Amino acid sequence: GEVGLTIQSRTNRAKLRVGDNDTSAYVVAEGGISSFGPSASADATNISVVAGDVGIGTITPVSVLNIKAEDPTLTIESDRTTVVANEILGQIDFRTNEASFSGAPATSARIRVDESEYAATTMSFWTSTNPGDVLTQQLTIDPEGDATFTENVNLKDAKSLRLGDGFDTT
């Protein structure tokens, strides 16, 4: 059978506190919100889970991961102690589980940051024609801010294009 601990509230609010002399952590179930963190209430100081969506700084997440703060920052940090040229520092993959791919995740697009020479970084953007196809690098921004398109770029239907000083059209 199943083994576990259940804390059941008669008031639609239950909490569990774990603490030592300096710190307390709470698990709170309140009004359809599950949260964990330093607060004894399901509030924005905790990490909240509502209908499968995770809120950090909010108890009403509007997406799978909703980070709310005055100046929100999402950090992707490599744990390497030595990085050499052309190593990937981090990337974000956009994937699909379309039925046409037998439910297997297929990467459709990627944003990647690589180490270049002397601790400088490049950022590149990759896409595919169809999910599951090999990704093709489309745009790279080098440490000086110069952008290089891998393929020809069609700007025929662009409403506007703003370029900085010194743009070379050749």
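The figures here come from the full heavy-atom set of this structure, side chains too, leaving out hydrogens, waters and symmetry mates. This structure is a prediction, so every number in the text was calculated from the model and none was measured. Residue indices begin at 1 and follow the sequence shown.
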task = Just do the side chain to side chain donor-acceptor pair (under 3.5 Å) check on Gln138 and Thr150 with the steps written out, would you?
result = CA-CA 5 Å; Gln138 302 293 339; Thr150 308; 5.7 Å; no
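- Each of Asp114, Thr122, Thr121 was checked for a side-chain contact (heavy atoms from CB on, under 4.5 Å) with Leu89, and the lone residue meeting it is Thr121.
- In terms of heavy-atom proximity, Ser128 sits nearest to Val134 at CB-O, 3.9 Å.
- Between the CZ atom of Arg13 and the CD1 atom of Ile33 there is a distance of 11.0 Å, given to the nearest 0.5 Å.
- Contact detail for Ser35 and Ser48: the closest heavy-atom pair is CB-OG, 3.7 Å.
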**Message:** Run the side-chain contact (heavy atoms from CB on, under 4.5 Å) test on Asn46 and Phe36 for me, step by step, so that the C-alpha distance in whole Å, both residues' side-chain angles and the decisive distance to 0.1 Å come before the verdict.
**Reply:** CA-CA 5 Å; Asn46 288 349; Phe36 355 77; 5.9 Å; no
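- Using a 4.5 Å heavy-atom cutoff, the side chains of Arg80 and Glu87 are in contact.
- In the hydrophobic clustering of this structure, Ile67 does not group with Phe94; members are Ile, Leu, Val, Met, Phe, Trp, Tyr whose side-chain heavy atoms approach within less than 4.5 Å, directly or through other members.
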**OP:** Go through the steps for Ile56 and Asn66 under the test side-chain contact (heavy atoms from CB on, under 4.5 Å), then give the verdict.
**Re:** CA-CA 6 Å; Ile56 300 174; Asn66 187 165; over 6 Å; no
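- Taking both residues in full, the closest heavy atoms of Thr45 and Pro38 are given as O-CD, 3.5 Å, listed atom of the first, atom of the second, then distance.
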Practice problem: Evaluate the side-chain contact (heavy atoms from CB on, under 4.5 Å) criterion for residues Lys15 and Val27: first the C-alpha distance (whole Å), next the side-chain angles of each, then the deciding distance (0.1 Å), finally the verdict. | Solution: CA-CA 6 Å; Lys15 68 179 178 178; Val27 175; over 6 Å; no
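- Rounded to the nearest 0.5 angstrom, Thr148 OG1 and Ile141 CD1 are separated by 9.5 Å.
- Using a 4.5 Å heavy-atom cutoff, the side chains of Arg110 and Ile92 are not in contact.
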